[in-house]
Amino acid sequence: DTAVSQTPKYLVTQMGNDKSIKCEQNLGHDTMYWYKQDSKKFLKIMFSYNNKELIINETVPNRFSPKSPDKAHLNLHINSLELGDSAVYFCASSQGVRVERYFGAGTRLSVL
Amino acid sequence: GQQVMQIPQYQHVQEGEDFTTYCNSSTTLSNIQWYKQRPGGHPVFLIQLVKSGEVKKQKRLTFQFGEAKKNSSLHITATQTTDVGTYFCAAGGNAGNMLTFGGGTRLMVKP
């Protein structure tokens, strides 16, 4: 069974649309994350979330919003998509914060 | 915010040659992690270093954490084509839970 699964794997959409990416982890971890990896492979943390605290990277536009229905899920909703949002988005989880992250397979978002 | 510099950005080696990537921070780190991302794949955790001067080995991979806990290195002995990928360091600061990733070193191995 996949530990961290995210859907869809590929997402192609038009500028201005709203889209969501789903993430689920079955590891029983208490913290989940969203990362953005651009074409140059830079991995940037977007959000860190556990059942107590949401930490937002201040550079993330407020068009991006994480939604967590329960501790096993952290979805990413994006409003008014822009060309610059094209990237690979990785969900990850960990048990505690000073330990390794387990990454999902990624969602490749292309905004046309 | 915390910045982590990783060098080199790219490295081409002949199969059998050694490879090293370096990670440097301007601030003292609580820990450092290393990840490998195969082409088209996702980052996979390799190891975590916590103690000053720590050295850990995994087969042909040797990981070091500097005495001042501001730098780290990953050395691969006798590279193989299976080592191809991007290697990232990820630094944990002394406050908060954000792990800051370095820019990665992309390793290409010529058979």
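Note that this is a predicted model, so its numbers are computed, not measured. A note on names: the letters A, B, ... follow the listed sequences, proteins ahead of strands, and every chain is numbered from 1.
Residues Ile47(B) and Phe19(B) share a hydrophobic cluster, clusters being chains of Ile/Leu/Val/Met/Phe/Trp/Tyr side chains in contact below 4.5 Å. Under the 4.5 Å side-chain heavy-atom criterion for Ile, Leu, Val, Met, Phe, Trp and Tyr, Leu54(A) and Ile21(A) are members of the same hydrophobic cluster. In this structure, Leu46(B) is a member of the same hydrophobic cluster as Ile32(B), with clusters built from ILVMFWY side-chain heavy atoms closer than 4.5 Å. Under the 4.5 Å side-chain contact rule for hydrophobic residues, Leu107(B) and Phe63(B) share a cluster. Taking hydrophobic clusters as Ile, Leu, Val, Met, Phe, Trp and Tyr residues chained together by side-chain heavy-atom distances below 4.5 Å, Tyr35(B) shares a cluster with Tyr33(A).
A donor-acceptor pair is defined here as one N or O able to donate and one able to accept, closer than 3.5 Å; such a pair exists between the side chain of Gln33(B) and the backbone of Val99(A).
Residues of residues 40-47 of chain A that come within less than 4.5 angstrom of chain B, heavy atom to heavy atom, are Lys41(A), Phe42(A), Leu43(A), Ile45(A) in numerical order. Residues of residues 102-112 of chain A having a heavy atom under 4.5 Å from any heavy atom of chain B, listed by number: Phe103(A), Gly104(A), Ala105(A).
Of all heavy-atom pairs spanning Phe45(B) and Glu100(A), the tightest one is CD1-CB, 3.1 Å. Contact record, Phe90(A) with Gly41(B): CZ-O, 3.7 Å, taken as the closest heavy-atom pair.
For Asp70(A), the CG atom sits in a packed shell: over 12 heavy atoms of surrounding residues, nucleotides or ligands are nearer than 6.0 Å. Within 6.0 Å of the CZ atom in Arg63(A), the count of heavy atoms belonging to other residues, nucleotides or ligands exceeds 12. Heavy-atom neighbours of Gln9(B) CD from other residues, nucleotides or ligands within 6.0 Å: at or below the threshold of 12.
Taken from NE2 in His42(B) to CD in Gln6(A), the straight-line distance is 9.5 Å, to the nearest 0.5 Å.
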